[in-house]
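The shown structure was predicted, so the numbers you read here are calculated from the model rather than taken from an experiment. Values below: all heavy atoms of this structure, side chains included; hydrogens, waters and symmetry mates excluded. Reminder, nothing fancy here: chain letters follow the sequence lines and each chain counts from 1.
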Amino acid sequence: MELSFYNSLTRQQEPFHSLKPHQVGMYSCGPTVYNYAHIGNFRAYLFEDLLRRTLEFAGYKVTQVMNLTDVDDKTIRGSQAKQMPLADYTRPYIESFFADLKALNVEPAEVYPPATAHIPEMKQMIQVLFDKGIAYKSEDGSVYFSVDRFPSYGRLAHLDRSQLRSGVRISTDEYEKESFGDFAIWKGWDEKDGDVVWEAPWGKGRPGWHLECSAMSMKYLGESFDLHTGGIDNLFPHHENEIAQAEAVTGKPFVQTWMHCAHLRVNGQKMSKSLGNFFTLRDLLDKGYSGREIRYVLLGGHYRQPLNFTFDALSAARAALARIDECVDALTARAGEAQEENGVRVPSSLEAFAHAVADDLNSPEAFSALFAFVRAANAALQAGLSPVGAKLALEEFAQMDRVLGIITFGRNVNQAVPAEIQALAAERLKARAEKNWSESDRLRDLLAEKGWQVRDSKEGQTLKVLAK
RNA sequence: GGCGCGAUAGCCAAGCGGUUAGGCAGAGGACUGCAAAUCCUUUUAGAUCAGUUCGACUCUGAUUCGCGCCUCCA
């Protein structure tokens, strides 16, 4: 299976070949744990999940590293506002981050390194940068990276350094830097930092955010690795700076392929904490939407295109997922029947599906293939699909779901119907037999309130748990 | 100012130089006591103006509108 991805570094789609055969190292910029992540943040994590699942689908063993930024300006400010130790302040946000990933059916990364546990590695990098004459200390005790001494700076963002000066924010620069583009790799301690401080030969302080990612990615993935991902807004300066730090230290190419996810929008604007137009996962769960519905919506657009978030889309997701569930349920039921083999099979969509995800993770097209398969399976079921054919179709759904992660298998299998529900259903059946329609309708509504759907067909009355 | 992205039907959202994307909603049909759910069928596109071409939603240029990044926002 030939994969190709759009590489932000070269700005074109290229065939993907891992540095080592059959295995991939990927680093994904994780959350800064000063608050609850919103679903715009989760769009990026879902894009990364789609990427790792696609790589696994193609037969690679994936080692994914996602950092937890648990020390920076915001986490320090937040912990001091609440007058609590930094670690106590960040812990609940870390915990809810993992809970949210689980709710969205995101496959866990292999390593989630917290920045505070990797200060020695960061200090070591700074020392090397000092030794090479690329780092310098400023009067406030901070250490800066001199971009003038790293000539390829700007390659990722395609920024000409001479143009950086035309930015309107130049006046906000308050530190003593040698050159405008220089960035802090170590923040000198000041009173606002309280007890958040580490000792270093060049003075006490804390690491800069960009340096955290360079140090932790190389620790777990080596000096050169395959994939580095994040939101598009990390492309500059964060990822540009990561390249500069890493390559200045090692002299080797840092990352082969850079991939960036476009923003989630609300009313045409990016969802962000500063604009206040965001929803956390919990906000949506509290409104009755499920993790898989949100997952479906966020995977419904191509990762490199901005995606507009709407509640209409969430409702549409519920209906679409119900259709997939119905089909899988019907196949599961058929697979369990004792029926003679008749050679009826569902025409496969797996090739179209694989082609879609291999082509720069085209999830919308992958869904198109999935629904083509749903239609074909429904038609085959009506044409007398045999249990063997049903099992094969379920296997194909399982294959697709390795990548998409949105199908619920065996939903109504082993689903015990509570005695109360059974009693109500029996009453309704009796009312129907007596043609007491008002009573039977009342019981139907009552069952629906309790989360059970009643269906009448030639075979009689059946009960199903309402989909979520 | 620099770098870059986009404009597709009621809504969301893809591919493609000529042949059905897909989902939701809407409509018709099957099923039903009526429904619901499900299944089948199906209407509505390509911002504007030029150009290239036998042929453009797809390529080129311009215009209009929208969005992102430009020192720590996924």
Side-chain angles (χ1 to χ4, degrees), chain A residues 11 28-32 37-48 69 72-74 154 157-160 162-170 172-173 175 177 180-184 187 208-210 229-238 240-241 260-265 268-275 296-297 300-302 304-310 312-313 315-323 326-327 329-330 352 356 359 362-372 374-375 378-379 381-382 432 435 437 440-441 444-445 448 453-458 462 464 466-467:
Chain A
R11 299 203 174 178
S28 305
C29 282
T32 300
H38 58 69
I39 57 166
N41 301 128
F42 282 109
R43 184 184 190 196
Y45 307 131
L46 280 170
F47 140 67
E48 286 146 3
T69 299
D72 80 321
D73 290 346
K74 288 174 185 153
H158 292 238
L159 286 178
D160 183 342
S162 63
Q163 288 163 354
L164 285 176
R165 294 172 183 282
S166 64
V168 289
R169 303 212 185 172
I170 191 163
T172 66
D173 177 25
Y175 299 111
K177 295 192 259 184
F180 174 69
D182 293 354
F183 54 91
K187 297 261 198 179
W209 177 50
H210 310 300
T229 63
I232 187 70
D233 47 5
N234 279 155
L235 191 140
F236 189 87
H238 183 54
E240 189 72 55
N241 293 355
H260 294 94
C261 176
H263 288 298
L264 189 64
R265 290 186 184 172
Q269 282 192 305
K270 93 172 190 181
M271 182 178 289
S272 74
K273 285 176 185 150
S274 53
L275 290 171
Y296 180 91
V297 168
H302 186 94
R304 286 201 292 117
Q305 296 300 333
L307 180 69
N308 203 30
F309 172 79
T310 62
D312 283 350
S315 305
R318 179 163 300 181
L321 287 167
R323 227 180 110 205
E326 285 294 334
C327 182
D329 285 352
D359 180 17
N362 194 332
S363 48
E365 204 175 306
F367 276 117
S368 183
L370 176 75
F371 280 104
V374 168
R375 242 174 295 120
N378 285 327
L381 281 163
Q382 294 212 327
R432 284 195 78 217
K435 298 196 189 295
W437 307 129
S440 74
D441 288 353
R444 180 167 66 197
D445 292 344
Q453 185 183 75
V454 181
R455 299 187 179 182
D456 299 316
S457 67
K458 283 176 201 156
T462 53
K464 294 198 93 162
L466 284 169

Interatomic spacing from CZ in A/Phe371 to SG in A/Cys327 - rounded to 0.5 Å:
10.0 Å

Is there a donor and acceptor pair closer than 3.5 Å between the side chain of A/Lys270 and the base of B/C73?
yes

In whole angstroms, how far is the P atom of B/C39 from the CG atom of A/Asn378?
5 Å

Return the polar atom pairs (N/O with N/O) between nucleotides 25-28 of chain B and the protein under 3.5 Å, or none.
none

Taking the C1' atom in each of B/C11 and B/G18, what is the distance between them to the nearest angstrom?
30 Å

d(CG, A/Asp73; P, B/U71) in whole Å
15 Å

Using side-chain heavy atoms (C-beta onward) and a distance below 4.5 Å, is A/Val374 in contact with A/Arg323?
yes

Gap separating the SG atom of A/Cys29 from the CG atom of A/Asp233, nearest 0.5 angstrom:
10.0 Å

How does protein reach along nucleotides 9-22 of chain B, written 5' to 3' as B (base within reach of a heavy atom under 4.0 Å), S (only sugar-phosphate), or - (no contact)?
---SSSS-----BS

Which value, in whole Å, describes the distance between the C1' atoms of nucleotides B/C67 and B/A27?
36 Å

Tell me, please, which residues at least two apart from A/His260 pass ring-ring contact (aromatic ring centres under 6.0 Å, His included).
A/His239

For atom CG of A/Asp329 and atom C1' of B/C39, their distance in whole Å
15 Å

Roughly how far apart, to the nearest Å, are B/C24 and B/A62 at atom P?
40 Å

Going from CG on A/Leu370 to CZ on A/Arg375, what distance comes out if it is rounded to the nearest 0.5 angstrom?
10.0 Å

Dot-bracket for RNA chain B: what is it, with Watson-Crick or G-U pairs under 3.5 Å, [ ] where a pair crosses earlier ones, and | for a pair to another strand?
(((((((..(((.....[...))).(((((.......)))))....(((((..]....))))))))))))....

Could you tell me the separation between the CD atom of A/Gln453 and the P atom of B/A35, rounded to a whole number of Å?
16 Å

Interatomic spacing from CZ in A/Phe309 to CD1 in A/Ile39 - rounded to 0.5 Å:
4.0 Å

Heavy-atom side-chain proximity of A/Arg432 to A/Trp437 below 4.5 angstrom
yes

Among B/G23, B/U71, B/A37, which nucleotide has an atom closest to any side-chain atom of A/Pro237?
B/U71

Rounding to the closest angstrom, what is the interatomic distance between B/G10 and B/G26 at atom P?
15 Å

What nucleic acid atoms does A/His263 come within less than 4.0 Å of, heavy atoms only: base, sugar-phosphate, or nothing?
base

At 4.0 Å (heavy atoms only), tell me whether A/Asp441 reaches a base, stays on the sugar-phosphate, or touches nothing.
base

Categorize A/Ser440 for me: base, sugar-phosphate, or nothing, with a 4.0 angstrom heavy-atom threshold over every strand shown.
base

Partners meeting ring-ring contact (aromatic ring centres under 6.0 Å, His included) with A/Phe183 (sequence neighbours left out)
A/Phe145, A/His210

Starting at NE2 of A/His263, measure out to OG of A/Ser272 and round the result to the nearest 0.5 Å.
8.5 Å

When you measure from the side chain of A/Glu365 to the backbone N and O of A/Ala356, does any donor-acceptor pair fall under 3.5 Å?
no

Rounded C1' spacing from B/G6 to B/U63 in Å:
16 Å

Check every strand shown and say whether A/Ala262 touches a base, only sugar-phosphate, or nothing at a heavy-atom separation below 4.0 Å.
base

Is there a donor and acceptor pair, one atom on the side chain of A/Arg11 and one on the base of B/G4, closer than 3.5 Å?
no

To the nearest Å, how far apart are A/His38 NE2 and B/C73 P?
11 Å

Measuring only the C1' atom in each nucleotide, how far is B/U43 from B/A25? A whole number of Å is fine.
13 Å

What integer number of Å spans the P atoms of B/U60 and B/A7?
13 Å

Across the strands shown, which category fits A/Phe42 at heavy-atom distances under 4.0 angstrom: base, sugar-phosphate, nothing?
nothing

In whole angstroms, the gap separating C1' of B/C31 from CD of A/Glu326 amounts to 14 Å

Would you mind telling me which of B/C73, B/C70, B/A37 lies closest to the side-chain atoms of A/Phe236?
B/C70

Hey, are the side chains of A/Leu307 and A/Arg43 touching, using non-hydrogen atoms and a 4.5 Å cut-off?
yes

CG of A/Leu264 versus P of B/C73: gap in Å, rounded?
18 Å

Within the structure provided, determine whether A/Pro31 and A/Tyr45 are in side-chain contact (heavy-atom separation under 4.5 Å).
yes

Tell me which nucleotide among B/G68, B/C39, B/A36 gets nearest to the side chain of A/Gln382.
B/C39

Taking the C1' atom in each of B/A14 and B/C69, what is the distance between them to the nearest angstrom?
26 Å

To the nearest 0.5 Å, how far apart are CD in A/Gln305 and CZ in A/Arg265?
9.0 Å

Residue list, salt bridge (Lys or Arg N to Asp or Glu O under 4.0 Å) with A/Arg304, at least two apart or on another chain:
A/Asp360

Check: B/A35 base within 3.5 Å donor-acceptor of A/Asp456 side chain:
yes

Residue met sooner reading RNA chain B from 5', once A/Asn241 and A/Lys273 are mapped to nucleotides:
A/Asn241

Any N/O donor-acceptor pair, A/Arg444 side-chain to B/A36 base, under 3.5 Å:
no

Taken to the nearest whole Å, CG/A/Leu235 to P/B/G68 is 16 Å

